[in-house]
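Read the structure below first, then the notes.
Predicted, not measured: the structure shown is a model, and the values here were computed from it. Sequence positions, counted from 1, serve as the residue numbers for this chain.
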Amino acid sequence: MKTPWKAVTTLAAALLLVLPDGVAARAASTPYTKAPVAGTLRAYPVSAVYVAGVSSGGYLATQLQVAYSARIRGAAIFAAGPYYCAQNSVPQALYGCGDNIYPTYLGNLEAYTRAWASSGWIDGTGNLAGQPVYVYHGTSDATVKKSVTDDLVRYYQDFGAGVRYDSGGAAGHSWVTPYGTVGCTATASPFLADCGTDPQGAFLAHLLGPVAAPNTGPLGGTLIRFSQDSFAVNGWANGLSMDGSGFAYVPAACAAGTTCRLLVALHGCAQGYARVGTAFVDRANLNQYADTNRLIVLYPQAIASGVNPNGCWDWWGYLGATNYPIKGGAQVETVMNMVRRLDG
């Protein structure tokens with residue numbers, strides 16, 4: 001059944017990150033950036049695919065990894081809860097997957113996962129065994145409570161994944177990056193917090209193995225702005241609450257034919273291009289690591305719509321379909337169509 005607009009508005013408002021009274025933005029380190037150039041996605045020699053995301057992007061990242069665990073080989077999740085946490089229910093999303101008034105019903109979520117794998121709706125759960133997963137939760141995050149993220153960690157551990165859990169920092173509900181524009185404890189637009197740490201180096205080392213230091217000078221790759229319509233399962237990204245355009249950062253070595261890895265990076269609510277421009281693309285501290293570690297970074301983009309006023313990814317069923325977390329889910333398949341193009 002289609003989720004009522006009023007209920008979705010309530011959910012989106014609850015998950016929209018608002019600047020608390022008295023919290024001021026801080027001066028940020030300024031990264032070197034690349035201006036987007038219009039182009040198309042093409043195939044590259046990609047050896048492995050990984051996903052990362054924050055908040056609603058963290059929930060979608062888990063949906064992508066669990067649904068396509070034979071293809072996606074690891075994940076980094078910031079400020080989110082376990083797979084299928086919302087169970088197609090707005091109250092559960094609000095009170096069980098953001099707040100912890102309700103339980104997450106972790107046992108049920110794991111049972112759904114096993115049953116769907118047995119039916120072929122998602123890849124076999126055995127693929128998750130040994131996969132690297134990095135999970136981040138800040139102590140000042142009041143949007144997704146720590147017990148919810150704790151259950152994300154338990155979910156992955158119960159399927160045998162190799163989890164690194166970073167929960168000691170003071171961050172608010174945000175993507176933590178050395179190029180953050182708000183203070184560490186703030187939950188404020190554009191939800192890029194500077195805590196004096198480098199979680200990207202930590203999670204990339206966990207996912208990929210030893211990584212080279214990031215490029216802190218001028219970037220050498222190309223930031224491609226491409227049409228998401230050609231990858232949308234309905235041919236029209238806006239109809240899926242996705243932007244007409246997405247972005248991909250391609251290092252020069254990858255463009256020249258060197259074998260590279262691919263990271264899908266998913267912004268959170270109110271953090272897409274339509275709301276904050278290229279802030280996430282420029283400041284996530286991923287392009288810098290991409291340049292020195294032969295890593296293509298794909299940045300799909302969500303937008304606000306009538307059923308999704310804050311531009312979140314669909315992790316509770318706002319598009320009106322119950323298959324949103326499995327193979328065939330509209331946003332899952334649209335992003336995977338981009339992955340299929342890039343990795344040939």
Open item on the list: Would you compute the distance between atom CG of N337 and atom CG of L41 and round it to the nearest 0.5 angstrom?
Closed with: 11.0 Å
- [ ] Would you check if F159 and Q131 make a side-chain contact, meaning some heavy-atom pair closer than 4.5 Å?
- [x] no
TODO: Please answer: with hydrophobic residues joined when any side-chain heavy atoms are less than 4.5 Å apart, are V90 and V144 in the same cluster?
DONE: yes
TODO: With rounding to the nearest 0.5 Å, note down the distance linking OG1 in T187 to CG in D141.
DONE: 6.0 Å
- [ ] State yes or no: do L295 and F226 share one hydrophobic cluster built from I, L, V, M, F, W and Y residues joined by side-chain heavy-atom distances below 4.5 Å, directly or via other members?
- [x] no
- [ ] For the pair K327 and D123, find out whether any cationic side-chain nitrogen is under 4.0 Å from an anionic carboxylate oxygen.
- [x] yes
Task: Path from V211 to Y136 over hydrophobic side-chain contacts below 4.5 Å - done: yes
Task: Residue pair Q228 / S245, side-chain heavy-atom distance below 4.5 Å - done: no
Task: Side-chain heavy atoms of Y273 within contact of T278, under 4.5 Å - done: yes
TODO: Kindly give the heavy-atom pair with the smallest separation between D158 and R114, and that separation in Å.
DONE: O-NH2, 4.4 Å
Open item on the list: Between the side chains of K145 and D99, is the shortest nitrogen-to-carboxylate-oxygen separation below 4.0 Å, so that they form an ion pair?
Closed with: yes
Open item on the list: I'd like to know whether CZ of R340 has more than 12 heavy-atom contacts from other residues, nucleotides or ligands below 6.0 angstrom.
Closed with: yes
Open item on the list: Could you measure the distance from the CG atom of D314 to the CG atom of L319? Nearest 0.5 Å is fine.
Closed with: 4.5 Å
Task: Geometric class of the W175/F280 ring pair [parallel <30°, tilted 30-60°, perpendicular >60°] - done: perpendicular
TODO: Indicate yes or no: at least one non-hydrogen side-chain atom of V133 is less than 4.5 angstrom from one of Q65.
DONE: yes
- [ ] Go through Y155 and T113 one step at a time and tell me if the side chain to side chain donor-acceptor pair (under 3.5 Å) criterion holds.
- [x] CA-CA 10 Å; Y155 175 91; T113 304; 2.8 Å; yes
TODO: Measure from the ring center of Y299 to the ring center of Y249 and say whether it is less than 6.0 Å.
DONE: no
Task: Aromatic centroids of Y84 and W116 separated by under 6.0 Å - done: yes
TODO: With rounding to the nearest 0.5 Å, note down the distance linking CD in Q271 to CG in L266.
DONE: 10.5 Å
TODO: Would you check if there is a donor-acceptor pair between the side chains of D166 and Y134 at a distance under 3.5 Å?
DONE: yes
Open item on the list: Are H137 and F78 packed together at the side-chain level, in the sense that at least one heavy-atom pair is separated by less than 4.5 angstrom?
Closed with: no
Task: Side chain to side chain, Q331 and S241, heavy atoms closer than 4.5 Å - done: yes
Open item on the list: Just verifying a value: how many Å separate M242 CE and N234 CG, rounded to the nearest 0.5 Å?
Closed with: 10.0 Å
Task: From S227 atom OG to D243 atom CG, the distance as rounded to the nearest 0.5 Å - done: 9.5 Å
Open item on the list: Between T104 and D151, do the side chains contain a donor N or O and an acceptor N or O under 3.5 Å apart?
Closed with: yes
Task: Pair K34 + D282: basic N to acidic O under 4.0 Å - done: no
Task: Note, V49 side chain near V46 side chain (heavy atom, < 4.5 Å) - done: yes
Task: Side-chain touch L286/T177, heavy atoms, less than 4.5 angstrom - done: no
- [ ] Establish whether L152 and L128 are linked, either directly or via other cluster members, by ILVMFWY side-chain heavy-atom contacts under 4.5 Å.
- [x] yes
Task: Over 12 foreign heavy atoms within 6.0 Å of CZ, R294 - done: no
Open item on the list: Would you say the rings of Y102 and Y95 are close, in the sense that their centroids are separated by under 6.0 Å?
Closed with: yes
Task: Test item: side-chain donor near acceptor, N308 and Y318, under 3.5 Å - done: yes
- [ ] Report the residue from T222, L262, I296 that forms a side-chain contact (heavy atoms from CB on, under 4.5 Å) with C254.
- [x] I296
Task: The single option from N287, N293, D291 passing side-chain hydrogen bond (donor to acceptor under 3.5 Å, both in side chains) against N215 - done: D291
